[in-house]
Amino acid sequence: MQSLELNKAFAALLTAGITFMVAGQLGKVLVHGERPHEAAIKLGEEAGGATAAPAAGPTGPTVEPIAGLLANADVAAGQSVAQKQCGSCHTFNDGGKSGVGPNLYGVVGAPHGHLEGFNYSAALKGKEGPWNYDELNHWLAKPSAYAPGTRMAFAGLSNTKQRADVIAYLRSISPKAPPLPAAEEAAPAK
Ligand code: HEC
């Protein structure tokens, strides 16, 4: 009787041991012991030149100028982009109601934070001067880079042609918009 119990116990131990070994071997086979040579996600790289080379213009040198594109920009295409991408927060008609963002009628050539009574962030209010084409270009490329702390929760329009079209559209609804920049001013010597 007793030896039977002992046998059982021994068998149990043996089974456990074998299972342990097999599991270990299997684990080695299934999971690569080596670390990958490169991290799958590279931190900090996404910010691109912004972190690497700060400060050449309002948001760094990475925003492609649009002045050359503005003259031939497509206002209707810009309006359609604006309605799709900005319309959830902005209205564009004269006297239109503000939503999450301010009404944008007349914004080009107007000061930052152009609408009386809208609760702008200090980040945006603190910007000097009027909205000109270059400022708008940087702003719309990446609002959070142009005015860190802004309340405009919009990632940005990375497509340069789209930015030009949208800005041309904003210009078309801004009676006080300044004249378009000459193409040579568009690409200042770097
Ligand atoms: C999620 C909502 C949201 C979206 C989408 C959005 N905006 Fe805004 N926008 C805001 C807010 C909020 C502000 C005020 C920002 C602040 O005070 O920091 C603002 C401010 C602005 C201003 C400055 C207005 C002024 O009076 O100085 C412009 C210009 C502007 N947005 C253009 C656009 C355009 C063009 C798009 C689409 C490409 C867009 N926004 C998409 C919410 C939005």
Side-chain angles (χ1 to χ4, degrees), residues 46-51 54-183 185-188:
E46 215 217 337
T51 28
T59 56
T62 47
V63 178
E64 241 184 276
I66 50 156
L69 291 175
L70 273 176
N72 299 313
D74 186 339
V75 173
Q79 176 170 22
S80 138
V81 172
Q83 265 154 8
K84 284 196 201 104
Q85 304 232 29
C86 330
S88 53
C89 299
H90 292 288
T91 56
F92 301 93
N93 52 324
D94 189 0
K97 273 215 182 106
S98 296
V100 177
N103 171 263
L104 290 179
Y105 183 83
V107 73
V108 183
H112 290 79
H114 84 295
L115 198 71
E116 279 301 311
F118 186 85
N119 184 21
Y120 289 101
S121 67
L124 196 77
K125 261 298 197 194
K127 292 273 175 188
E128 303 271 323
W131 281 115
N132 61 28
Y133 302 108
D134 190 44
E135 305 262 332
L136 281 166
N137 184 33
H138 281 86
W139 166 244
L140 292 181
K142 196 172 182 194
S144 63
Y146 175 86
T150 178
R151 271 200 272 279
M152 174 150 136
F154 178 73
L157 289 173
S158 53
N159 183 309
T160 306
K161 162 103 171 62
Q162 268 190 0
R163 284 201 308 280
D165 290 348
V166 166
I167 292 167
Y169 167 62
L170 292 177
R171 174 175 184 263
S172 77
I173 57 164
S174 300
K176 292 192 186 131
L180 288 178
E185 290 172 44

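Everything numeric in this text was worked out from a predicted model, so none of it was measured. Numbers here simply count residues along the sequence, with the first being 1. Counting starts at 1 for both ligands and their atoms, in listed order.
Here the options are Asp134, Thr150, Val63, the test is side chain to side chain contact (heavy atoms under 4.5 Å, CB included), and the partner is Trp139; only Thr150 passes. Between Trp131 and the options Val107, Leu104, Ile167, a side chain to side chain contact (heavy atoms under 4.5 Å, CB included) holds for only Val107.
Residue-to-ligand polar distances place Gly113 within reach of ligand 1: an N/O pair is separated by less than 3.5 Å. Looking at ligand 1, you'll find an N or O of Thr150 within less than 3.5 Å of one of its N or O atoms. Among the atoms of Asn119, none of the N or O lies under 3.5 angstrom from an N or O of ligand 1. In terms of polar-atom proximity, defined here as any N/O pair under 3.5 Å, Tyr120 does make such a contact with ligand 1.
Interface atoms of ligand 1 facing Cys89, defined by a heavy-atom separation under 4.0 Å, are 1 (C), 2 (C), 3 (C), 4 (C), 5 (C), 42 (C), 43 (C). Of all atoms in ligand 1, numbered sequentially from 1 with element shown, those under 4.0 Å from a heavy atom of Leu140 are 32 (C), 33 (C), 34 (C), 35 (C). Taking a cut-off of under 4.0 Å to the non-hydrogen atoms of Pro102, the atoms of ligand 1 that pass are 13 (C), 14 (C), 19 (C), 20 (C), 24 (C). Interface of His112 with ligand 1, defined as ligand atoms under 4.0 Å from a residue heavy atom, comprises 27 (O). For ligand 1, the atoms lying closer than 4.0 Å to a non-hydrogen atom of Val166 are 35 (C). Taking a cut-off of under 4.0 Å to the non-hydrogen atoms of Ser121, the atoms of ligand 1 that pass are 16 (C), 17 (O), 18 (O). Interface atoms of ligand 1 facing Gly101, defined by a heavy-atom separation under 4.0 Å, are 10 (C), 11 (C), 12 (C), 42 (C). Listed by number with element, the atoms of ligand 1 under 4.0 Å from a non-hydrogen atom of Leu104 are 22 (C), 24 (C), 28 (C), 29 (C), 30 (C), 32 (C), 33 (C).
Using a 4.5 Å heavy-atom cutoff, the side chains of Lys161 and Asp74 are in contact. Taking the side chain as every heavy atom from C-beta outward, Tyr133 and Val108 approach each other to under 4.5 Å. No side-chain heavy atom of Val81 sits under 4.5 Å from any side-chain heavy atom of Asp165. Taking the side chain as every heavy atom from C-beta outward, Leu70 and Arg171 never approach each other to under 4.5 Å. Taking the side chain as every heavy atom from C-beta outward, Leu140 and Gln162 never approach each other to under 4.5 Å. Leu115 places none of its side-chain heavy atoms less than 4.5 Å from the side chain of Tyr105.
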task = Show the numbers, then the answer: is there a side chain to side chain contact (heavy atoms under 4.5 Å, CB included) between Ile173 and Leu170?
result = CA-CA 5 Å; Ile173 57 164; Leu170 292 177; 4.2 Å; yes
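Protein heavy atom nearest atom 28 (C) of ligand 1, with residue, atom name and distance: Trp139 NE1, 3.2 Å. For atom 5 (C) of ligand 1, the closest non-hydrogen atom of the protein is Gln85 O, 3.4 Å. Here the protein heavy atom with the shortest distance to atom 23 (C) of ligand 1 is Trp131 CZ2, 3.6 Å. Ranking protein heavy atoms by distance to atom 34 (C) of ligand 1, first place goes to Cys86 SG, 3.4 Å. If you check which protein heavy atom lies closest to atom 12 (C) of ligand 1, you get Val100 O, 3.3 Å.
Residues Pro143 and Gly156 approach most closely at CD-CA, 3.8 Å, considering heavy atoms. Across Gly149 and Ser121, no two heavy atoms sit closer than the pair O-CB, 3.9 Å.
Within the structure, the closest approach of Ala82 to ligand 1 does not fall below 4.0 Å when heavy atoms are considered. Distances from ligand 1 to the non-hydrogen atoms of Ile167 include no value under 4.0 Å. In this structure, Ala153 has a heavy atom closer than 4.0 Å to ligand 1. Residue Ala147 places no heavy atom under 4.0 Å from ligand 1.
Using a cut-off of 2.8 Å, one finds that His90 contributes an N/O/S atom close to atom 8 (Fe) of ligand 1.
Cation-pi geometry between Lys127 and Tyr120 is not met at under 6.0 angstrom from the ring centre and within 45 degrees of the axis.
Between the Arg151 side chain and the Leu124 main chain, no donor and acceptor come within less than 3.5 Å of each other.
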